[in-house]
Amino acid sequence: MRGKRERLLREMYAAMHDRLGPSGWWPGETPLEVCVGAVLTQNTAWVNVKQAIQRLRDAQVLASGHALLALSEAELSELIRPAGFFRLKAVRLRNLLRFLDDACGFDFGVLAGQDLGDLRPRLLKVSGIGPETADSVLLYAVGLPTFVVDAYTRRILHRHAMVPEDIPYHDLRDVFMDVLEPDVPLYNEYHALIVRVAKDWCRARTPRCADCPLCPFLDGGVA
DNA sequence: ATCCAGCTTG
DNA sequence: CAAGCCGGAT
């Protein structure tokens with residue numbers, strides 16, 4: 001039944017929030033930077049993304065989307081090299097920037113007024129922008145209530161026996177959105193808490209379940 | 001199922 | 001020094 005999972009999801013949120021406090025978390029200083037980070041972090045550790053973003057900042061091209069678009073693909077890929085997959089990501093980032101330019105001229109407030117059900121599919125048509133990148137842009141750069149699912153979300157819920165390991169992106173997204181009211185600050189904070197818990201406790205190789213904020217939700221209690 | 005890649009961590 | 005990284009396209 002769905003009621004049980006709803007209760008679990010709300011209790012897990014409360015447990016993380018009680019232990020860790022509010023995250024005050026935003027994956028970038030500006031909406032534009034959030035978009036850049038969303039592409040660069042595709043299957044890439046955030047620490048590497050930070051280096052790439054710093055190089056863009058130092059090159060003074062992070063001030064506007066137009067400044068970024070003024071770079072050649074080769075120049076851009078060289079700057080973002082530390083983030084890995086750099087040739088591919090240069091193309092993807094430029095695709096996203098061009099979309100943003102024609103959609104709103106980098107005025108993100110314009111996008112915020114649009115309907116999520118309309119804007120999301122348009123973003124997904126941009127080559128290189130998949131569901132996670134799209135949702136990250138929509139939630140953190142635009143401010144529309146879509147839940148961001150990532151590898152951490154999947155790992156945590158799977159380890160807590162709530163979903164199969166190979167659950168598709170949209171099914172996992174629905175797990176949250178079917179139960180949580182559309183609320184940007186809530187979605188923001190929930191995802192932020194998941195990221196913090198995954199990095200510090202629910203790690204891939206050596207999980208530290210014993211003192212994890214979510215250990216009360218493990219199958220047999222403390223592992 | 002494979003490719004795309006550099007970088008940090010345990 | 002290998003595993004893994006806030007994926008997506010072909």
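Throughout, protein chains are lettered first and strands after them, A, B, ... in sequence-line order, and every chain is numbered starting at 1.
- Among the protein residues, A/Arg203 comes within range of the sugar-phosphate backbone only, with heavy atoms under 4.0 Å from sugar or phosphate atoms but none that close to a base.
- Counting non-hydrogen atoms under 4.0 angstrom, A/Val195 reaches a base of the nucleic acid.
- Sequence order on DNA chain B of the closest nucleotides to A/Arg205 and A/Arg87 puts A/Arg87 first from the 5' end.
- Taking the charged nitrogens against the carboxylate oxygens, A/Arg122 and A/Asp118 do have a contact shorter than 4.0 Å, which makes a salt bridge.
- Nucleic acid contact for A/Val91: none, since no nucleic acid atom lies under 4.0 Å from a heavy atom of the residue.
- Checking A/Gln51 against A/Phe86, the closest nucleotide of DNA chain B that is more toward the 5' end is the one next to A/Phe86.
- Summarising the geometry, the separation between NZ on A/Lys89 and P on B/dC7 is reported as 12 Å, rounded to the nearest angstrom.
- Side-chain proximity of A/Val47 to the nucleotides C/dC5, B/dT8, B/dC4 is greatest for B/dT8.
- Between A/Thr44 and B/dG6 there is no side-chain polar atom (N or O) within less than 4.0 angstrom of OP1 or OP2.
- No side-chain donor from either of A/Thr153 and A/Arg173 sits under 3.5 Å from a side-chain acceptor of the other.
- Between the side chains of A/Ser127 and A/Arg92, no donor-acceptor pair of N or O atoms lies under 3.5 Å.
- Side-chain contact, A/Asp135 with A/Tyr140: no donor N or O sits under 3.5 Å from an acceptor N or O.
- Under 4.0 angstrom from either OP1 or OP2 of B/dC4 there lies no side-chain N or O belonging to A/Arg81.
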